[in-house]
K.L.:
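Got a structure for you, questions after.
Just so it is clear, the structure is predicted and the values come from calculations on it, not from any experiment. Numbered from 1 within each chain, the chains take letters A, B, ... in sequence-line order.
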Number of protein chains: 2
Amino acid sequence: MGTTEQRVRRAAIELFAERGFHGTGIRDLAERAGLSSATLYHYMGTKEDLLVSIMRESLTRLVTAGERLPGASPQERVAGLVQLHVLTHAVQQEETRVVDDEMRSLTPARRAEVVALRDRYEALWQSAIDDGCSVGAFTVSAPRVARLALLEMCSGVARWYAPDGPIPLPELAVRYTEMALGLLGGAEVPPADVAGIRVLVDTVWASQN
Amino acid sequence: MGTTEQRVRRAAIELFAERGFHGTGIRDLAERAGLSSATLYHYMGTKEDLLVSIMRESLTRLVTAGERLPGASPQERVAGLVQLHVLTHAVQQEETRVVDDEMRSLTPARRAEVVALRDRYEALWQSAIDDGCSVGAFTVSAPRVARLALLEMCSGVARWYAPDGPIPLPELAVRYTEMALGLLGGAEVPPADVAGIRVLVDTVWASQN
DNA sequence: CATGCCCGATCGATCGATCGATCGGGAACG
DNA sequence: CGTTCCCGATCGATCGATCGATCGGGCATG
């Protein structure tokens, strides 16, 4: 079961992902969490506070894991980032969709904090791509555009992947690694250590709770 | 200026893109269109009717243009689809974002119609990719995953591209073509006819109004 | 030309419902 | 007794939508 606060958070992630922030009412939230709408406010601040805390936790987890990724060569670092990103977006589908889609629902002040976290994460991608370009490992001609294209492509996993579908999770990660490196051009695909990434994801997840 | 109905539609596209469907009130819509909220209902049905009609028009335009694309080889067809998609998502940014992001705001019944249109469009992509794989032009190992990845990557353009930024529109289209064919693996990049695609987009747009 | 009628366009006022949020108090537990 | 957990009742605001009424310009009739 978990604590009541965790139940509230799970309910919020489910409903925000399904109906959107503005499409989810306080009473919907309360019903899903098994509480009255009044009791809800014992466990959270405003509805926006709840959204921000979900985003902060999710992005912090991603940044932490991203910074702990092994891999010396640009190819290995990009491969690791792709696998980390695809894995989290496939496993924590609803949560990542809330993070990616509900930025616009935030007040400008709250948005700034979340965007800063997201920028920190995306900088990891940019430096790996730039390094690969400057050492000649990648041949893509617009590294900034490549970063944006890669991130959109990998985030999309959260919008369609079916965990109980025909594609096993490790295979998904490998396919995306191949496509990403093909997109960047001229790179050999380094041996994949999906299991290692998975352990990293689980470790960071556990240490956050 | 255009007709009042066109002004309402433009206002809706702007606000739905900026704040989302549920985040946009009838009074916001009316104010942006320069009408009273009551007059709004003289030009539209319900708020959902307005959203559906925006989506239907936008997707119909995309399907029409996609079916008229020239190109015999799989490479040429994929290149054409990428350029068509990127161009429309860069030029009609707000409109395409509404189409891509607000599906979940639709009632199941209305959603079905719109999804059918979208599926028809995506089938064009799938057959081009599948053909390329079966004749050995592409080496990607999961054609269905590749389609999903490509579409997400190209749609993402609507979320970040700045029309008055440092990247000219034709260059953007060419870069995406290169990345897409790199992602599919083993394909030479066919000569790009971005101007031709642009003419096609404008033609279809004009014939719809 | 003048008159009377019609109708698209528009609005202020208001509907019932729901929104996010708050309050005071009861129940359970130490 | 105090603290934690919880809820029914309720707040003012806003939601999407509808109402009756008004205005003005075509248009047919005499």
K.L.:
Is there a side-chain polar atom (N or O) of B:His42 under 4.0 Å from OP1 or OP2 of C:dT10?
P.N.:
no
K.L.:
Select one nucleotide: of C:dG20, C:dG12, D:dG16, the one nearest the side-chain heavy atoms of A:Ile26.
P.N.:
C:dG20
K.L.:
Over how many whole Å does the gap from B:Arg7 atom CZ to C:dT10 atom C1' extend?
P.N.:
12 Å
K.L.:
Measure up the B:Tyr176 and B:Trp160 rings against each other and bin them: parallel (under 30°), tilted (30 to 60°), perpendicular (over 60°).
P.N.:
parallel
K.L.:
Paired with D:dA17 by Watson-Crick or G-U wobble geometry, both distances under 3.5 Å: which nucleotide is it?
P.N.:
C:dT14
K.L.:
Are any of A:Thr39's side-chain N or O atoms less than 4.0 Å away from OP1 or OP2 of D:dC5?
P.N.:
no
K.L.:
Can you tell which of C:dC23, D:dG16, C:dA21 lies closest to the side chain of A:Ala38?
P.N.:
C:dC23
K.L.:
Could you check whether A:Thr46 gets within reach of a base, just the sugar-phosphate, or nothing at all, counting any heavy atom under 4.0 Å?
P.N.:
sugar-phosphate
K.L.:
In whole angstrom, what separates A:Tyr41's OH from D:dC7's P?
P.N.:
15 Å
K.L.:
Taking atom types as modelled and ignoring hydrogens, do the side chains of B:Ser105 and B:Glu102 form a donor-acceptor contact shorter than 3.5 angstrom?
P.N.:
yes
K.L.:
How close or far is atom P of C:dA17 from atom CG of A:Asp28, stated in whole angstroms?
P.N.:
17 Å
K.L.:
Does any nucleotide pair with C:dC7 by Watson-Crick or G-U wobble geometry, both distances under 3.5 Å, and what is it?
P.N.:
D:dG24
K.L.:
Is B:Arg144 salt-bridged to B:Asp130, going by a charged N under 4.0 Å from an acidic O?
P.N.:
no
K.L.:
When you get a sec, tell me which of D:dG16, C:dC19, C:dC11 is the closest nucleotide to the side chain of B:Lys47?
P.N.:
D:dG16
K.L.:
Does a donor on one side chain sit under 3.5 Å from an acceptor on the other, for A:Ser58 and A:Gln92?
P.N.:
no
K.L.:
What is the distance, rounded to the nearest whole Å, between atom CG of B:Asp49 and atom C1' of D:dG16?
P.N.:
13 Å
K.L.:
B:Phe21 has an atom CZ; how far is it from atom C1' of D:dC15, in whole Å?
P.N.:
12 Å
K.L.:
From the list C:dT22, C:dA9, D:dC7, which nucleotide is the closest neighbour of the side chain of B:Tyr43?
P.N.:
C:dA9
K.L.:
Check the distance between C:dT14's C1' and B:Arg27's CZ and give it to me in whole angstrom.
P.N.:
10 Å
K.L.:
Would you say B:Glu57's side chain and B:Ser53's backbone share a donor-acceptor pair under 3.5 angstrom?
P.N.:
no
K.L.:
Rounded to whole Å, how long is the line connecting atom CG of A:Leu29 with atom C1' of C:dC19?
P.N.:
13 Å
